[in-house]
Amino acid sequence: MADTSTIRGRKSPVTYVMRFSVIAYLSVLVVWPLYEVTARTFAPIERGAEGGFSAFLERLQDPSVTYAFQLTATCAFWAVLINTVFGVGISLLLVRYQFPGRRVLSVLVDLPMSVSPVVVGLALVLAYSSGQGWFGGVLESAGIFIIGTTPGLIMATAFVSLPLVVREIVPVLEEIGIDAELAASSLGANGWQTFRRITLPSIKWAVVYGVVLSLARSLGEFGAVKIVSPGAEFRGETATILIQNRYTNYEEPTAYAAAFVLVLASVLALVVVSLIRKPDHQ
Amino acid sequence: MSIEVSGINKSYGDFVALEDINVSLPTGQLTALLGPSGGGKSTLLRIIAGLDTADSGSVEIEGVNATRLPPQKRNVGFVFQHYAVFKHMTVAKNVAFGLEIRKRPKAEVKAKVAELLELVHLSQFAHRLPSQLSGGQRQRLALARALAVEPSVLLLDEPFGALDAQVRKELRDWLRRLHDEVHVTTVFVTHDQEEAMEVADEIVVINNGRIEQIGTPDQLYDEPANDFVMGFLGDVTRLGNVRLRPHDIELALSPAVAAGTAPAFAGVIARTLRVGFEVRLTVDVDGQGETTQVVLSRTHARALDLEVGTKVWLRPATGASSVPVLGIAAG
């Protein structure tokens, strides 16, 4: 790494200008707003009232807040689980098999990245709601309701975070190639044994990375969930919807507290990811 | 017969990779599939292993029709050019893989792994990861791993192709000795004629998806079936109406010397080049469009006092192997 240190050693005015602009940009966009949320979280609600950590905890212990976080956790858990299983499957399909429509599938997987989550929510409502959705009618007669219930929220969350796992695994699968897998099968391993003993250990870190990313994404999902969910207290109100509702209802301190928890979760996810990434690059 | 390949055809789109391949390989023999890159030899090996499927034809291994069997049911060991070791497993675990898949008792696996690591001289590296091994060591590991399942045939796809010349030569000798010890029917693919001649009992020359000739190294060298085989196995030059090896030409300073049966061709030395112990001469033969290459030992050349411009007479040495020049190819 001699090259990097030489570059680093040369400090011209341009270096300082660039450094300053990057720091300023990040401060204005990220650091300052997040600092405000944190500060408000721990600030006293009104003059003379108690502030700090205990007040923060108290706000979080409100049953409707607990419900919201539980719902978010449930949705995130199932969405991540579903996406991990399907993500690995789709990745294998995309990399290891040639079939007509492979490119179309690849584009479809990326679609949730580019389509606005609100549109996703709307599309799910159109497809599955018992009133107007053609598929919803069938499900309704079978006694299954998607829209407005937890499965609907999970679907919306899963839809939005689908590409994250796939996009992590695909490049790793492409890089490791098929030689080791062929060797395993020539040594007598069947498809499942080859996958479990050879393929999975090779893509392990990519899977973990994808899971952490989609977990972070799922916890913070708002747009799609907002459309699909009834969005009332104790009725489909996830943490993000709770923040929106409380904020507009002048219960800002609760909104700040919930927001702070979400920020904390994302930071934690990023720390985990950077810890995972490090040994990879050594 | 251990491997019986009959009527194999394989095309990729318009490209014909293999055309009506018939070959039988006896048990315990070390066979080389030799040919230029893209000639179809690797494809044939992969079809035998079941890693590729033929469009038509059949493969029989140890009397069992294996044409439709998946690779894991064929009981073949396959060694890849780029090792294909399992990077996340230790050396010992790599070797144990096939046995663990077959659910052999732990003690048996351990003993077998120790025995094989001994055989490939990797015992002291048993607990290392493949990334800590050199290329040659990785390839020996891949070999031990393939041998662990006691395959009825061992298939090697350009096994030494990714190694440097020195290690390549070492492993080549080592493979020959290993085969003499283990006696498993072995087929290896190579584009290096020297490698094939040194190691193999029998060589199958494949070019453009067809078998050009099958025979022992001596047969191929001495009685090449055609121009291609002759040219692929060593240097070839033209003298009169035949192609032959440059070292199979006798050179004299007068037409009368040596009462040879073949008529001598007169010519003039156009160029001389000394490489180590040999001297390579380029001779302009009278009435022949193409120049003729002649190789002499250094001592011989010095005794004759040869230099550019010397008039010489050439004739094929007695017992020299040669093939007639094809009308069109001669130009």
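The chains referred to below are lettered A, B, ... by the order of the sequence lines, with proteins before strands, and numbering in each begins at 1.
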Checklist outcome for this item: For A:Ile198 and B:His88 the tightest heavy-atom approach is O-CE1, 3.8 Å
Next on the checklist: Just checking A:Met113: does its CE atom have more than 12 heavy atoms from other residues, nucleotides or ligands closer to it than 6.0 angstrom?
Outcome noted: yes
Next on the checklist: Ignoring hydrogens, what is the shortest heavy-atom contact between A:Ala183 and B:Arg145? Give both atom names and the distance.
Outcome noted: CB-NH2, 3.4 Å
Next on the checklist: For the CD atom on A:Glu174, are there more than 12 heavy atoms of other groups (residues, nucleotides or ligands in this structure) within a distance under 6.0 Å?
Outcome noted: yes
Checklist entry - Quick one: does B:Arg102's side chain have a donor or acceptor within less than 3.5 Å of a partner on A:Leu187's backbone? => result yes
Checklist entry - Under a 4.5 Å cut-off applied to non-hydrogen side-chain atoms, are B:Glu100 and A:Arg197 in contact? => result yes
Next on the checklist: I need the A:Ile178 CD1 to B:Phe80 CZ distance, nearest 0.5 Å.
Outcome noted: 8.0 Å
Checklist entry - Does the side chain of A:Asp179 reach to within under 4.5 Å of the side chain of B:Gln81, using non-hydrogen atoms? => result no
Next on the checklist: Using 0.5 Å steps for rounding, measure from the CG atom of B:Leu51 to the OG atom of A:Ser185.
Outcome noted: 6.0 Å
Item to check | Engaged part of B:Phe78 at the chain A interface, taking heavy atoms whose separation is under 4.5 Å | outcome: both
Checklist entry - More than 12 non-hydrogen atoms from neighbouring residues, nucleotides or ligands closer than 6.0 Å to CZ on A:Phe69, yes or no? => result yes
Checklist outcome for this item: In this structure, CZ of B:Phe86 is separated from CD of A:Glu181 (nearest 0.5 Å) by 9.5 Å
Item to check | Heavy atoms from other residues, nucleotides or ligands near CZ of A:Phe99 exceed 12 (cutoff 6.0 Å) | outcome: yes
Checklist entry - So with a 6.0 Å cut-off around CH2 of A:Trp78, is the heavy-atom count from everything else above 12? => result no
Item to check | Candidate pair B:Arg46 and A:Leu182, rule side-chain contact (heavy atoms from CB on, under 4.5 Å), full reasoning | outcome: CA-CA 10 Å; B:Arg46 295 172 78 88; A:Leu182 287 179; 3.3 Å; yes
Checklist entry - Got more than 12 heavy atoms from elsewhere within 6.0 Å of CD, B:Glu118? => result no
Item to check | Among A:Ala180, A:Ser202, A:Gly177, residue most engaged with chain B (heavy-atom pairs, under 4.5 Å) | outcome: A:Ala180
